[in-house]
Trainee: 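Can you read through this structure? Questions will come right after.
Protein chains get the first letters and strands the later ones, always in sequence-line order, with residue 1 at the start of each.
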2 protein chains.
Amino acid sequence: MESPKKLQDIKVAVDAVIFGYFDKRDLQILLIKRNIEPFKGGWALPGGLVLDDESVDDAVKRELYEEAGIKPDFLEQLYTFGNLGRDPRNRVISVAYLGLVNPSYHELFADSDAEDAQWFSINKLPSVAFDHKTIIETALKRLRTKIQYQPIGFNLLNEEFPFSDLENLYKTIVGQEIDRRNFRKKIMSYGLLNETNNVKKEGSGRPGKLFTFNKEKYKELEEQGFYFEIK
Amino acid sequence: MESPKKLQDIKVAVDAVIFGYFDKRDLQILLIKRNIEPFKGGWALPGGLVLDDESVDDAVKRELYEEAGIKPDFLEQLYTFGNLGRDPRNRVISVAYLGLVNPSYHELFADSDAEDAQWFSINKLPSVAFDHKTIIETALKRLRTKIQYQPIGFNLLNEEFPFSDLENLYKTIVGQEIDRRNFRKKIMSYGLLNETNNVKKEGSGRPGKLFTFNKEKYKELEEQGFYFEIK
DNA sequence: TCAAAAGTGTTAACAGTACACCCATGT
DNA sequence: ACATGGGTGTACTGTTAACACTTTTGA
């Protein structure tokens with residue numbers, strides 16, 4: 001860090017790739033419809049400029065709440081995009097975040113800076129503003145990798161979920177068939193799922209028992225050097 | 001991204017944690033002695049403000065070359081530190097990078113912005129400016145994890161190295177004993193080392209054959225879905 | 001001939017993979 | 001009784017982990 005020779009003129013923004021999941025559907029991404037230039041009327045990742053008196057982490061959280069009414073269950077920094085020409089007006093660098101929510105717990109609503117906020121299937125994305133396509137691809141890649149060695153997928157499911165939801169989630173995100181028996185054995189061997197007395201009500205076929213993920217136990221094990229791993 | 005309500009006043013900097021390794025010594029980190037305020041005369045990570053017309057990636061490379069005469073063999077973005085109060089003067093966010101070099105190929109020299117540039121053992125670090133201690137800890141953690149599933153350690157060794165250097169490197173970085181036979185078997189099973197006709201000259205004991213790391217083959221395998229993994 | 005480091009195989013335990021049928025429910 | 005999805009065990013295969021002596025060189 002040093003004093004600038006002449007005044008630096010770079011703006012700092014945040015953008016968030018928020019994933020949501022509804023059982024047996026594609027993975028979804030949250031986009032907002034811009035109501036200001038540039039790309040007014042176009043879809044983009046939620047985000048915006050960082051304020052002078054807030055941390056970058058706080059900035060994403062604020063923007064997500066302002067633009068879509070969402071407070072993600074999981075949110076971590078993804079990557080900082082710092083190339084030239086990202087924004088047609090000014091030099092803007094963007095600190096991108098990756099977040100996970102359970103959409104059924106979060107009613108979307110668009111506020112001041114956005115005209116609309118919607119879930120889009122990652123397989124049917126509209127074209128998006130700025131370099132947001134690159135950011136989304138980076139996030140997807142990270143999610144696919146990370147879900148295999150950290151139990152972050154549970155943030156996308158209901159508090160109580162049938163085992164099959166977990167199966168479907170992994171199939172959807174990793175994008176390949178899994179062996180139901182082996183997958184269950186592996187997950188169960190960690191002892192991180194608590195069985196509830198409830199069963200899944202809807203749908204046909206035999207009702208599945210509902211489980212919860214034991215976050216506390218995971219933290220404990222993690223501190224003892226335990227590594228969650230799938231596949 | 002949106003228009004600012006009032007003008008945003010945040011500076012964007014880069015900082016680099018550059019690791020170096022000399023066989024059978026601790027892992028080293030490159031620090032520079034600041035010749036400007038704040039912390040003038042104190043040690044700090046190489047880095048500085050990003051210029052308006054360069055990408056963030058280019059900024060680190062420039063600063064590293066200006067401040068220490070170094071062009072790292074491996075360099076990747078680490079994390080962006082965006083809290084308030086990092087710099088006593090202005091609001092500054094810093095995009096931190098992690099780099100690896102083989103110190104014997106890089107003579108350090110301090111240039112304009114630094115009074116001195118030196119290697120420090122990670123076990124005997126002086127106190128460092130700003131929040132650089134946190135940055136260093138983040139980098140170390142990342143290095144220790146990453147070296148176990150990506151063959152980045154070779155960037156710290158000579159082009160031609162005896163197998164024992166690799167052993168010592170892993171012992172040093174991961175910080176635990178390894179089984180020499182199993183380690184060798186594992187590494188050799190990937191077929192990524194080319195045997196040369198040369199042997200290690202210095203030191204006592206039986207001379208070891210020198211190997212080179214086959215970068216091209218690794219890239220090929222990687223594209224086919226191969227994952228390097230140790231332990 | 002001694003000290004120092006390089007080089008090398010086998011076995012046992014464990015983890016991963018492949019694979020198919022019965023069960024509980026609603027209609 | 002049938003359609004739908006839930007729940008389960010075993011045998012095989014590959015991988016990891018534990019373990020110690022011989023070889024080559026320089027002093």
Trainee: Taking atom types as modelled, find out whether A:Asp26 and A:Gln28 have a side-chain donor-acceptor pair closer than 3.5 angstrom.
Mentor: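 No, A:Gln28 and A:Asp26 have no side-chain donor paired with an acceptor closer than 3.5 Å.
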Trainee: Within this structure, what is the CD1-to-C1' distance between A:Ile178 and D:dG6, rounded to whole angstrom?
Mentor: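 My rounded result for the distance is 14 Å.
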Trainee: Determine the sole option in A:Asn168, A:Thr172, A:Asn158 for which the side chain to side chain donor-acceptor pair (under 3.5 Å) test with A:Asp23 is passed.
Mentor: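 Option passing the side chain to side chain donor-acceptor pair (under 3.5 Å) with A:Asp23: A:Asn168.
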Trainee: To the nearest Å, how far apart are B:Glu177 CD and D:dA20 P?
Mentor: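 Checked: the CD to P distance equals 15 Å.
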Trainee: Write down the distance between NZ (B:Lys209) and C1' (C:dA5), rounded to a whole number of angstrom.
Mentor: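 Going from B:Lys209 (NZ) to C:dA5 (C1'), I get 14 Å.
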Trainee: Rounded to the nearest angstrom, tell me the gap between atom NZ in B:Lys200 and atom C1' in C:dA6.
Mentor: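 Checked: the NZ to C1' distance equals 9 Å.
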Trainee: Start at the 5' end of DNA chain D and walk down; is the nucleotide closest to A:Phe163 or to B:Glu229 reached first?
Mentor: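 Final value for this comparison: A:Phe163.
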Trainee: Does D:dT16 have its OP1 or OP2 closer than 4.0 Å to a side-chain nitrogen or oxygen of B:Lys186?
Mentor: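 Checking B:Lys186 against D:dT16: at least one side-chain N or O falls below 4.0 Å of OP1 or OP2.
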Trainee: Could you give the CZ-to-P distance, from A:Arg184 to C:dT17, as a whole number of Å?
Mentor: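 Between P of C:dT17 and CZ of A:Arg184: 19 Å.
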Trainee: Rounded to the Å, how far apart are A:Leu166 CG and D:dG6 P?
Mentor: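 Value for this atom pair: 12 Å.
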Trainee: For B:Lys133, I'd like to know if atom NZ has over 12 heavy atoms of other residues, nucleotides or ligands within 6.0 Å.
Mentor: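 It does not: B:Lys133 NZ has 12 such atoms or fewer within range.
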Trainee: Apply salt bridge (Lys or Arg N to Asp or Glu O under 4.0 Å) to the pair A:Arg180 and A:Glu167, showing each step before the final yes or no.
Mentor: CA-CA 7 Å; A:Arg180 285 174 54 226; A:Glu167 261 177 57; 3.5 Å; yes
Trainee: Mark up nucleotides 18-27 of chain C, 5' to 3', with B wherever a protein heavy atom is under 4.0 angstrom from a base atom, S wherever such an atom reaches only the sugar-phosphate, and - elsewhere.
Mentor: BBB--BBB--
Trainee: To the nearest angstrom, how far is A:Tyr227 atom OH from C:dA15 atom P?
Mentor: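 Answer to the nearest Å: 18 Å.
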Trainee: How long is the line joining CZ of B:Phe183 and C1' of C:dA6, in whole Å?
Mentor: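 The distance from CZ of B:Phe183 to C1' of C:dA6 comes to 15 Å, rounded to the nearest Å.
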Trainee: For side chain to side chain donor-acceptor pair (under 3.5 Å), just list the numbers for A:Asp131 and A:Thr134, CA-CA rounded to whole Å, side-chain angles, deciding distance to a tenth of an Å, and then say yes or no.
Mentor: CA-CA 6 Å; A:Asp131 58 351; A:Thr134 311; 5.5 Å; no
Trainee: For the residue pair A:Phe226 and A:Tyr218, categorise the inter-ring angle as parallel (less than 30°), tilted (30 to 60°) or perpendicular (more than 60°).
Mentor: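 Plane angle over 60°, so perpendicular.
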